[in-house]
K.L.:
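Input: one structure, supplied below.
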Amino acid sequence: MQMNDLPDSRGHFGPYGGVFVAETLIAALDELREQYARYQHDPAFVAEFESELKHYVGRPSPIYHAQRWSEKLGGAQIYLKREDLNHTGAHKINNCIGQALLAKRLGKPRVIAETGAGQHGVAAATVAARFGMQCVVYMGSEDIKRQAQNVFRMKLLGAEVVPVESGSKTLKDALNEAMRDWVTNVENTFYIIGTVAGPHPYPMMVRDFQSVIGRECLQQMPEMIGRQPDVIIACVGGGSNAMGIFYPYLSHESVKLIGVEAAGEGIATGRHAASLTAGRPGVLHGNRTYLLQDKNGQIIETHSVSAGLDYPGVGPEHAWLKDNGRAQYVSITDDEALTAFGDCCRIEGIIPALESAHALAYATRIAPQLPASTVLLVNLSGRGDKDMNTVAERTGLKFHCRPECDPARR
Amino acid sequence: MNRIDATFDKLRAAGRAALIPYITAGDPSLAATVPLMRALTSAGADVIELGVPFSDPMADGPVVQRASERALANGVGLDDVLTIVAAFRELDAITPIVLMGYANPIEAMGTTAFADRAQHAGVDGVIVVDYPPEEAGEFAQLLEGRQIAPIFLVAPTTPEARIIAIGRMARGYVYYVSLKGVTGAGHLDVADVVARLAGIRRHVALPVGVGFGIRDAVSAQAIAAHADAIVIGSRIIQEIESGPPAQAPERAAAWLATIRTAIDQIARKAA
């Protein structure tokens, strides 16, 4: 069996994935599965998807050699896949374009989405505007407070943002609420899930739409350095940017794949969002995967400085890749991510998303121990404009000066 | 014989529809749950569906969600639910108890351990909302091996081929969810329910219960004229949460008694 043949016809990645939903949702998922199978390889659909990615999203996104940072670290060379340069500022738009095109073919005039940090909500609101669809975004009321700017962006794009007051009032509850909406309004509504989780076919479909990231890298890296990278590093919340860059590389077994989870205030504190590192398998949101849960099987609240990684589950394909060893999963704390965030700003002139800063932090941790001939490719999944308030609050507005412009050190 | 089958045999002989209230274990409190169950049986409940609290009740509307949140705030988990069932069984050896909940608390306990303990506690049926038949094969066998009925949902959108598959796998009764959407939602279309019931009965020999959307004596009568059982959840939980927790059993029982009286007044058209 090829590693990249999965999932099976019922959405299983080994023991993970599947369709764990109430009977009320089965018909809608069956329709989606059939329609996706019909259009997935349809030349007109593929051509329209690629055209949108090129002209609307701005793909292909470049790969950039972070030369100054690599030199300072004094080891492996760090390359960045610049998903931050996409329209709307992150990889999320790739998947939203794909699902919106599918919604259009299914004749559904209304799309709904869940969002945590608001990046997926903004991407969904954007494609809804682009294709003239009604858009409702579910967002936990706690997240609405933390991400006021993205709420404003979604409204500006014409979407309705519905605050979710149940449970922990965060991403997982927004997902529950979006599912409830979908069950109720399934005739006219398409549910755009933002990550490689949820019931089949979502983990597969979102991965397929995001795989454009890895496919571009497969072509770009040989053009740049004459070969493929040694290691690929990506952050993992639900895991869509990581699956997008990992998937085309699964069969390239010499390329090491590393997913970076949010260790929050430290795994030992319990205040983190590292499902693969510290969770155990269970069933949530329509699939079996690693979950952060208590001994009674209740899902526990997670913590990360980055709202996009603040999720108690993870895509089922990552669970499978962890168990079979094809990918390795590690974790980075809030503080380490913030350090990498600041370094990336000052050394490379790139403001990364706090999510992506976790992947950068891991790259900077291992780079000094590796020879200069080693190439690390980091998926810079988004830009950090949305994180200004969080970073300002965390650092008390003590922004550092570059050594070159600090008069005392000149 | 399983208590569910015995109950439906007796009701069929008497020409009556079963009245099945749903409450969430641990709401309004752990101590009040057994008295609440007893009050409901006194008021005419034939079967009790006992909800297992879960942090992420995806298929439930706001009322059942609130009940789940209150139960979790009271620290009630699957362990406690089984203790409640065992305590109820000591007082009532006849009324079937059906647990209704989500997969994760059961998987956290371990499916075999759960099935063993449920049998020991005196559970008669289990509905796992997020185990559709495709994912429930092994679990259904574990239950059946212990004389516990695996109960499945049928939705308005369930195609005929699935109804046949569900009919093969289900025991006890099947639960027809009469509305699209979540528990406690919207408006009930009785004519549509009647047509769907006929479609289900073509392939399913088990009794068919109808739930989602039954809120008063009129809707209860309309459905009970055709279904083998009516299931009422959100409306009872609203009685529970509408006043002081100490009097919750009395309030819920008083309301359920009006439904019992109403459905016993009608002539049933069901087979």
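Residue numbers begin at 1 in each chain, while the letters A, B, ... track the order of the sequences.
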K.L.:
Look at A:Glu23, A:Arg280, A:Lys295 and state which one has the largest set of heavy-atom pairs under 4.5 Å with chain B.
P.N.:
A:Glu23
K.L.:
Before accepting this row, confirm whether a basic side-chain N of the pair B:Glu135/A:Arg288 lies closer than 4.0 Å to the acidic partner's carboxylate O.
P.N.:
no
K.L.:
As a quick check of understanding, evaluate side-chain contact (heavy atoms from CB on, under 4.5 Å) for B:Gln65 and A:Arg180, giving each step before the final call.
P.N.:
CA-CA 12 Å; B:Gln65 278 181 63; A:Arg180 293 182 185 115; 3.0 Å; yes
K.L.:
From A:Phe20 CZ over to B:Met58 CE, what is the distance, rounded to the nearest 0.5 angstrom?
P.N.:
11.5 Å
K.L.:
Tell me, for A:Leu291 versus chain B, whether the close heavy atoms (under 4.5 Å) come from the side chain, the backbone, both or neither.
P.N.:
side chain
K.L.:
Can you tell which part of B:Ile106 gets under 4.5 Å to a heavy atom of chain A, answering side chain, backbone, both or neither?
P.N.:
neither
K.L.:
Mind ranking B:Ser68, B:Pro57, B:Ala103 by heavy-atom pairs under 4.5 Å with chain A and telling me who comes out on top?
P.N.:
B:Pro57
K.L.:
Before giving the answer on side-chain contact (heavy atoms from CB on, under 4.5 Å), spell out for B:Phe54 and A:Asn296 the whole-Å C-alpha distance, their side-chain angles and the decisive distance to 0.1 Å.
P.N.:
CA-CA 9 Å; B:Phe54 183 49; A:Asn296 290 322; over 6 Å; no
K.L.:
Calculate, to the nearest 0.5 Å, the distance between atoms NZ and OG belonging to A:Lys172 and B:Ser55 respectively.
P.N.:
5.0 Å
K.L.:
Is any side-chain heavy atom of A:Ile26 closer than 4.5 Å to a side-chain heavy atom of B:Thr158?
P.N.:
no
K.L.:
What part of B:Val128 lies closer than 4.5 angstrom to a heavy atom of chain A: side chain, backbone, both or neither?
P.N.:
neither
K.L.:
Of all the heavy-atom pairs spanning A:Gly167 and B:Glu69, show the shortest one and how long it is.
P.N.:
N-OE2, 2.8 Å
K.L.:
Is chain B contacted by the side chain of A:Leu284, its backbone, both, or neither, given a heavy-atom distance below 4.5 Å?
P.N.:
side chain
K.L.:
Side chain, backbone, both or neither: which part of A:His12 has a heavy atom under 4.5 Å from chain B?
P.N.:
side chain
K.L.:
For B:Glu241, is the CD atom crowded, meaning more than 12 foreign heavy atoms sit under 6.0 Å from it?
P.N.:
yes
K.L.:
Please state whether the side chain, the backbone, both or neither of B:Arg162 comes within less than 4.5 Å of a heavy atom of chain A.
P.N.:
side chain
K.L.:
For A:Glu177, is it the side chain, the backbone, both or neither that has a heavy atom under 4.5 Å from a heavy atom of chain B?
P.N.:
side chain
K.L.:
Check A:Asn176 against B:Asp56 and note the closest heavy-atom contact, atom names and distance.
P.N.:
ND2-OD2, 3.0 Å
K.L.:
Quick one: does A:Gln298's side chain have a donor or acceptor within less than 3.5 Å of a partner on B:Gly77's backbone?
P.N.:
no
K.L.:
Measure distances from B:Pro159 to the heavy atoms of chain A and classify the residue's part below 4.5 Å as side chain, backbone, both or neither.
P.N.:
neither
K.L.:
Work out which heavy atom in B:Asn104 is nearest to a heavy atom in A:Ile299; give both atom names and the distance.
P.N.:
ND2-CD1, 3.8 Å
